[in-house]
Amino acid sequence: MSFISYLKDGISLGSIYAIIALGYTMVYGIAKMLNFAHGDVIMVGAYIILTCITRGGMSPILAVILSVVICTLLGVVIEKVAYSPLRKASSNLAVLITAIGVSYLLQSIAQLIFKSKSQAVTISETHMVNVGSAELNLNTILTLVVGAVIMVALTLFVKYTKTGRAMQAVSEDRDAAQLMGV
């Protein structure tokens, strides 16, 4: 493989990691909690996409949209059932142990359903685009663009919306934000 090929694959994978890191950063920055189940919710989303495409014959775009909806609902359920009851706990250790437990639960359920062998999703090759001397797959460009759009949208949301500013206030000083009605 050439240097350009490694570079484009690295940038594409790096943008996916950046999106995942945004999720971790948002949760830790606001809730001051390491959510070990974050990656496992992403795994559930990947398995939903795999199932929809390979067994359901669904288009990749619809599979991704369905995956986002289901993972959002899963996140809300996890918050309400596992994390919310422990929000006022005197020790952060209880929340940390619960997060690890939720992570193991999601992993175990996935292993029961999909077994422990690796699975691959093959999406039909899209058009190749020439950028300088490099030939990039449209999926790679789409990954970069979607990652950049998500990062910019999240930045604008946090800086310029009432909810985003409230999230910042809670992150800075939870007690003062609560006194101010946030």
Side-chain angles (χ1 to χ4, degrees), residues 10-52 58 60-110 121 139-182:
I11 290 172
S12 178
L13 188 58
S15 67
I16 292 170
Y17 288 161
I19 294 169
I20 293 168
L22 273 174
Y24 276 113
T25 303
M26 291 292 293
V27 170
Y28 184 76
I30 294 163
K32 301 293 187 240
M33 175 190 138
L34 290 173
N35 184 5
F36 289 106
H38 183 83
D40 299 301
V41 172
I42 294 169
M43 172 206 56
V44 168
Y47 275 123
I48 290 168
I49 293 170
L50 172 79
T51 304
C52 289
M58 194 179 285
I61 293 173
L62 287 176
V64 168
I65 291 169
L66 180 64
S67 174
V68 167
V69 169
I70 291 173
C71 286
T72 301
L73 293 173
L74 178 62
V76 169
V77 168
I78 290 170
E79 166 63 25
K80 296 290 183 207
V81 172
Y83 301 148
S84 186
L86 300 173
R87 195 69 64 208
K88 301 285 184 187
S90 59
S91 168
N92 284 338
L93 187 59
V95 177
L96 193 64
I97 291 170
T98 302
I100 293 170
V102 170
S103 173
Y104 279 130
L105 175 71
L106 292 175
Q107 288 176 27
S108 297
I109 290 171
V121 176
N139 289 339
T140 302
I141 294 171
L142 186 63
T143 301
L144 293 171
V145 169
V146 167
V149 166
I150 288 172
M151 288 182 209
V152 168
L154 191 55
T155 301
L156 294 174
F157 171 77
V158 169
K159 286 189 176 192
Y160 298 112
T161 66
K162 187 175 181 178
T163 304
R165 288 193 306 269
M167 290 165 61
Q168 277 184 315
V170 169
S171 174
E172 294 285 326
D173 189 345
R174 180 178 297 264
D175 296 330
Q178 195 172 17
L179 287 172
M180 297 299 292
V182 176

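If you're wondering where the values come from, they're calculated on a predicted model, not measured in any experiment. Note: hydrogens, waters and symmetry copies are ignored here, and every other heavy atom, side chains too, is used. Sequence positions, counted from 1, serve as the residue numbers for this chain.
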Query - Donor-acceptor contact below 3.5 Å, side chain Ser67 vs main chain Ala63 - result: no
Query raised in the report: Would a 4.5 Å heavy-atom cut-off, applied to side chains only, mark Asp40 and Tyr104 as touching?
Result: no
Query - Heavy-atom closest pair, residues Gly23 and His38 - result: CA-CE1, 3.5 Å
Query - Heavy-atom check, side chain of Val68 versus side chain of Thr72, under 4.5 Å - result: yes
Report task. Measure the CD1-OG1 distance between Ile11 and Thr143 for me, rounded to the nearest 0.5 Å. Result -> 12.0 Å
**Report entry** Smallest separation among heavy atoms of Leu86 and Thr98, with atom names
**Finding:** CD1-OG1, 2.9 Å
Query raised in the report: How long is the gap from CD1 on Ile150 to OG on Ser15, to the nearest 0.5 Å?
Result: 9.5 Å
Query raised in the report: What closest approach, in Å, do Leu106 and Met43 show between heavy atoms, and which atom pair accounts for it?
Result: O-CE, 3.7 Å
Requested in this report: Determine, stepwise, if the pair Leu62 / Leu66 fulfils side-chain contact (heavy atoms from CB on, under 4.5 Å).
Outcome: CA-CA 6 Å; Leu62 287 176; Leu66 180 64; over 6 Å; no
Query raised in the report: What distance separates Ile42 CD1 from Ile16 CD1, expressed to the nearest 0.5 Å?
Result: 10.5 Å
Query raised in the report: So which heavy atom on Pro85 is nearest to which on Val81, and how close?
Result: CG-O, 3.5 Å
**Report entry** Nearest-0.5 Å distance, CD of residue Gln168 to CG of residue Asp173
**Finding:** 13.5 Å
Query raised in the report: Taking atom OH of Tyr24 as the centre, does the number of heavy atoms from other residues, nucleotides or ligands within less than 6.0 Å exceed 12?
Result: yes
Report summary line: Between the CD1 atom in Ile65 and the CD1 atom in Ile49, the distance rounded to the nearest 0.5 Å is 10.5 Å
Report task. For residues Val102 and Ala82, report the shortest heavy-atom separation together with the two atoms involved. Result -> CG2-CB, 3.8 Å
Query raised in the report: Does the pair Asn35 and Ile78 meet the rule for a side-chain contact (heavy atoms from CB on, under 4.5 Å), with working shown?
Result: CA-CA 11 Å; Asn35 184 5; Ile78 290 170; 5.8 Å; no
Query raised in the report: Are the side chain of Ser108 and the backbone N or O of Leu105 linked by a donor-acceptor pair below 3.5 Å?
Result: no
Query raised in the report: Out of curiosity, Phe36 CZ to Ile97 CD1, how far, rounded to the nearest 0.5 Å?
Result: 10.5 Å
Query raised in the report: Checking Thr51 side chain against Tyr47 main chain: does a donor-acceptor pair fall under 3.5 Å?
Result: yes
Query - Val77 side chain near Leu73 side chain, heavy-atom distance below 4.5 Å - result: no
